[in-house]
Amino acid sequence: MEQIHLNLLIKNFQPSLIRAMLPEYTFKELEITIQKEWEKGKIFEASEDTSKKKFYALCMFPYPSGKLHMGHVRNYAIGDVISRFKRLNGFNVMQPMGWDAFGLPAENAAIKNNTAPDKWTYENIAQMKNQLKQLGLAIDWGREIATCDSSYYKWEQWLFIQLYKQGLIYKKTSMVNWDPVDQTVLANEQVIDGRGWRSGELVERKEIPQYFMKITDYAEDLLDGLDGLNEWPEQVKTMQKNWIGKSIGCEVDFTLADSEGIIKVYTTRPDTLMGATYLAIAPEHKISIGLANNNEDINNFIIECKKIGVAEADIATAEKKGIFSGIYAKHPLTGKNIPIWIANYVLINYGEGAVMAVPFHDARDFEFAKKYNLTMTKVVDSEFSNEDEVYLGDGKLINSDEFNGLPSLEAKKVITAKLEALSQGRKKIQYRLRDWGVSRQRFWGCPIPMIKCSKCGDVPEAEENLPIKLPAGISIDASGSPLKKLQSFLNCLCPLCGSSATRETDTLDTFFESSWYFARYASFDQDKKMLDERVNYWLPVDYYIGGIEHAILHLLYARFFNRLLYDLKLTNTKEPFHKLLTQGMVLKDGTKMSKSKGNTVDPQDLIDRYGADTARLFIMFAAPAEQSLEWSDEGIEGSHRFLKKLWKLVHEFLEHTEVQELESNNEGAQQLQYKLNATIEKVTDDLERRTSFNTAISSIMELMNMLIKANQIKAIDLVLRKEVLDKMLILLSPFVPHITKYLWEKINKNKVFEDQLWPSVDRAALIKDETTLVIQVNGKLKANMIISVAMPEESIKEAVLKLESVAKLVDQKKIKKIIYVKNKLVNIVI
RNA sequence: GCCGGGAUGGCGGAACUGGUAGACGCACGGGAUUCAAAAUCCCGCGCUAGCAAUAGCGUGUCGGUUCGAUUCCGACUCUCGGCACCA
């Protein structure tokens, strides 16, 4: 309707013959000028005035790889839109920025380019900071932190010592990927098809002593906490829940048949116990290792198993292999001997490193039993299962002696109770979550503040000696951490006995740094303690934005750390992140962009060619924030064109300063008023509730298209045109802050854009007295009808049946029913 | 292998609570303007048949629920992310 009306008028419109020269949209100069203004006016410095309502907007801080990539642009554009929107809504916004500066790439670059990791990292930070500034983000740069700075990692050394003293950090041995040629530990990423990426040699699993954090002590609390996270995506909460993997099952003791000792297994299916036909134990199980001493075949098998890396995905997808151990265990209920197999699919770090195998009711056991021709007994009956198929569901027990006929749920209880009575087993709550290994055999990380004393053992460093600084300017090679050979670092005195001792040379997992940086931003300049009372004003983070790839590890560790800080009374909030937005990945050629794959797209080209506003607008418009985005250069022109149109529109408005006498309540004006207010409502809702930025932008585009048409016919007076422009510029400003500030201040001389507030909706302008009704016959669209909203249902139905397109279909046929959805649709069923 | 997502025109996507599939933008085609081009403006644009009015088909595949399904349910295919040392 609206379209037709305006189009008719346009046909009669004579374009003016004289058109003044428009100034060109010189985005580069404009953006630099405006960024300087922001910096000079300290516009984005967060106030510490705690009487103001605060909003803490945070994007996951970047690893300083040296160059911005599209994922960064997407992340920081989203964060900036939200923080600018909140600022316009009157909040005291803090949007800080920092650098997740420790990590593997610095070492790789150092080896490759023969530079020191610290030098490389700080150069990268300078470069990326320069790029980020070009994006025009509303960041409080005064709070910048870099995790490789000793003023930051000093506090995690301090924290490490507190937790060690509390028993929340302990030492045990665990597996790493060992490159036998380079004699160094490899990250999973550095193992390609089972081989070291540099040496090309088959990697081996090796067991070494490492420090662990007792995250499992917090498993239940971390699980419980998920329920309160109402502003987190369900998807992320589900993933974390499954990762923690709480299960209620049964621990069963199988005694060895011919020697002393028991094998404990954990099972969530005690109801299938009578179908357990063999035991499978991990190659690293102490019984396996014991047997290997006297048995060449077993020893060889275990060595063979070690050739699979430590990554769970590799273990799970490897071909299932096993070897008979030669020994038997007694079934706790039947007393029968069942064979014990050593199997590569049993994980040493889950449960007890041993499973009771029930081939008919577990897919892995089934595959294994088929391969080695092991006995299978079906113990759960189901109408859905075939004779020779694995059945994972519940059902009634069969082939289970006294338990026959019991349903699974009941059988679980009864069999567990029986085992308990026999002292052969017990109910057990088990978590899939494992303690967090934090030791890394690397140079470029936070030194673990422990000292090895030949008399006192492992001793934490004295707090007054912190920070233990990583030596500067050290160049490294492929042979592992230089700390191991660096006497100036190694030599120290034992804090307990004073005798000479050596430092721990392992450094911390870099997830350690990213687990508390959000709190440090609030106490960025505090050098007396880790955190101060300001964290209680700023925390929790109100809106946290980052890639979906961090859904489990980073976000779980950060939640865990925040609980540690809470228990140490350093913060008074348990959960660190109130609302979470997990942006989708920016993909290129269908896969994650990464340096190692060499498929990165450089956003600098876009910024140079089109400006930051265009780059920001395009990445926000191209796809919903939470979906992955397949990158394509096409389409950026459209976003740039939109900004050029906006530029032209405002400048044309500025030319026509003579007052135009026009009725302000003509039909075109009413339609424009309606559209303006509908757009304000839509954009507000999209930003506040729906986090749907692409649709917010498209609705502003619609508004602008309508205003352009209205301008051409000059049917709209200058007051309304200015109102629409003013408000439209504010709606658009979170996305494209430079051009909107510039144009808004052009229209509103002597006023400052930053003093403005988000526009409110004029409800009166949104009242409509007519609406379009959809007419269907048997659910298929046949016609439209404009009705008055006041029209009663009966009259509507009558009118619909009289419509020609309806009448000819209905004809003589019997009408079964008529469905009427108020102000929306009529469906005639014949 | 396990856990969690995704699939809609030539392309990116929209349709919010089961109610007009394709908003907005890109690409493309036609026209205006121009000496010409770029830029800009106007019109068209799911597929098939038809001069047209119109009809049929159409949201990864197969099936179900419903007056009505992109939306809900079941099974599957492909694809992306994570799997504890990439960050």
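To find a chain, count down the sequence lines: A is the first, B the second, and so on, and within it residues start at 1.
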(Q) Please classify the nucleic acid contact of A:P62 as base, sugar-phosphate, or nothing, using heavy-atom distances under 4.0 Å. (A) nothing

**Asked** For the side chain of A:E312 and the base of B:C3, is some donor closer than 3.5 Å to an acceptor across the two?
**Response** no

| Aromatic A:F368 / basic A:K320 pairing, under 6.0 angstrom, 45° off normal | no

Rounded to whole Å, the CG-C1' distance (A:D686 to B:C16) equals 9 Å

From CG of A:L773 across to P of B:G68 the rounded distance in Å is 19 Å

Side-chain atoms of A:Q235 come closest, of B:G4, B:C85, B:U40, to B:G4

Hey, is the side chain of A:T238 poking within less than 4.0 Å of OP1 or OP2 on B:G4, counting only N and O atoms?
no

(Q) I'd like to know if A:Q441 reaches the base of B:C85 with its side chain such that a donor and an acceptor end up less than 3.5 angstrom apart. (A) yes

Side-chain contact check for A:K648: nearest option of B:C41, B:C85, B:G12 is B:C41

Using a 4.0 Å heavy-atom cut-off, does A:I315 contact any base of the nucleic acid, only the sugar-phosphate backbone, or nothing at all?
nothing

Of the candidates B:G1, B:G81, B:G82, the side chain of A:I552 sits closest to B:G82

Side-chain atoms of A:M239 come closest, of B:A87, B:G1, B:C3, to B:C3

Mind checking A:S632 for me? I need base, sugar-phosphate or nothing, with any heavy atom below 4.0 Å counting as a touch.
nothing

Pairing partner of B:A49, by Watson-Crick or G-U wobble and under 3.5 Å for both distances, is B:U54

Q. Heavy atoms under 4.0 Å, any strand shown: does A:A363 hit a base, just sugar-phosphate, or nothing?
A. nothing

Ranking B:G5, B:A87, B:A15 by distance to the side chain of A:R690, first place goes to B:A15

Of A:K682 and A:V310, the one whose nearest nucleotide on RNA chain B sits closer to the 5' end is A:K682

query: With a non-hydrogen cut-off below 4.0 angstrom, is A:H554 in contact with a base, only sugar-phosphate, or nothing?
result: nothing

Residue pairs passing the side chain to side chain donor-acceptor pair (under 3.5 Å) test with at least one member in residues 238-247 of chain A, sequence neighbours excluded, are A:E220-A:K246, A:Q240-A:R559, A:S247-A:Y266

Against the side chain of A:D509, the closest entry in B:G81, B:C83, B:C85 is B:C85

Whole-Å distance, A:L392 CG to B:C2 C1', equals 13 Å

Going 5' to 3' through nucleotides 18-33 of chain B and flagging B where a protein heavy-atom sits under 4.0 Å of the base, S where only the sugar-phosphate is that close, and - otherwise, we get -BB--BBSSS------

Should the pair A:R689-A:E681 be classified as a salt bridge under the 4.0 Å nitrogen-to-oxygen rule?
no

- Query: Across the strands shown, which category fits A:W243 at heavy-atom distances under 4.0 angstrom: base, sugar-phosphate, nothing?
  - Reply: base

A:Y25 atom OH is separated from B:U40 atom P, nearest whole Å, by 14 Å

Quiz item: Looking across every strand, which nucleic acid part, if any, lies under 4.0 Å from A:F511 by heavy atom: base, sugar-phosphate, or nothing?
Solution: base

Only one of A:Q441, A:R442, A:R440 passes side chain to side chain donor-acceptor pair (under 3.5 Å) with A:D506, and that residue is A:Q441

To the nearest angstrom, the CG-C1' distance between A:L629 and B:G81 comes to 15 Å

Looking only at B:A87, B:G12, B:A14, the nucleotide nearest the A:P624 side chain is B:A14

Using a strict threshold of under 4.0 Å (side-chain N to carboxylate O), is an ion pair present between A:K237 and A:E234? yes

Margin query: For a quick check of understanding: with a heavy-atom distance under 4.0 Å over all strands, which category does A:V185 fall into, base, sugar-phosphate or nothing?
Written below: base

Would you tell me if any nitrogen or oxygen in the side chain of A:N242 comes within less than 4.0 Å of OP1 or OP2 on B:G4? yes

### Query
Using 30° and 60° as the class limits, which term best fits the ring planes of A:Y544 and A:Y517: parallel, tilted or perpendicular?
tilted

Query raised in the report: Which part of the nucleic acid does A:V176 contact within heavy-atom distance under 4.0 Å: base, sugar-phosphate only, or nothing?
Result: base

Comparing A:S692 with A:K780, nearest RNA chain B nucleotide closer to 5' gives the residue A:S692

Checklist line | Salt bridge flag under 4.0 Å for residues A:E793 and A:K797 | finding: yes

Syn within 90° of 0, anti beyond: B:G13 is anti

Which of B:C86, B:G82, B:G13 is nearest the side chain of A:L104? It is B:C86

Checklist entry - Under 4.0 angstrom, heavy atoms only, what part of the nucleic acid is A:A551 near: base, sugar-phosphate, or nothing? => result nothing

| said: Go through it in stages, so that I can follow the logic: the residues are A:E312 and A:R432, the test is salt bridge (charged side-chain N to carboxylate O under 4.0 Å, His left out), and I'd like the CA-CA distance, side-chain angles, deciding distance and then a yes or no. | reply: CA-CA 13 Å; A:E312 196 191 307; A:R432 203 188 76 99; 3.8 Å; yes

In whole angstroms, the gap separating C1' of B:C85 from CH2 of A:W178 amounts to 14 Å

Q: Could you check whether A:E513 gets within reach of a base, just the sugar-phosphate, or nothing at all, counting any heavy atom under 4.0 Å?
A: nothing

Answer with base, sugar-phosphate or nothing: what part of the nucleic acid does A:K241 contact at a heavy-atom distance below 4.0 Å? nothing

What side-chain donor-acceptor pairs closer than 3.5 Å can you find for residues 823-830 of chain A, not counting sequence neighbours?
| unit_1 | atom_1 | unit_2 | atom_2 | d |
| --- | --- | --- | --- | --- |
| A:N827 | OD1 | A:N778 | N | 3.4 |
| A:N827 | OD1 | A:G779 | N | 2.9 |

In Watson-Crick or G-U wobble terms, with both distances under 3.5 Å, the base opposite B:U65 is none

The side chain to side chain donor-acceptor pair (under 3.5 Å) partner of A:D686 among A:N694, A:T695, A:T691 is A:T695

Testing B:C67, B:G12, B:A84 for proximity to the side chain of A:V829, the answer is B:C67

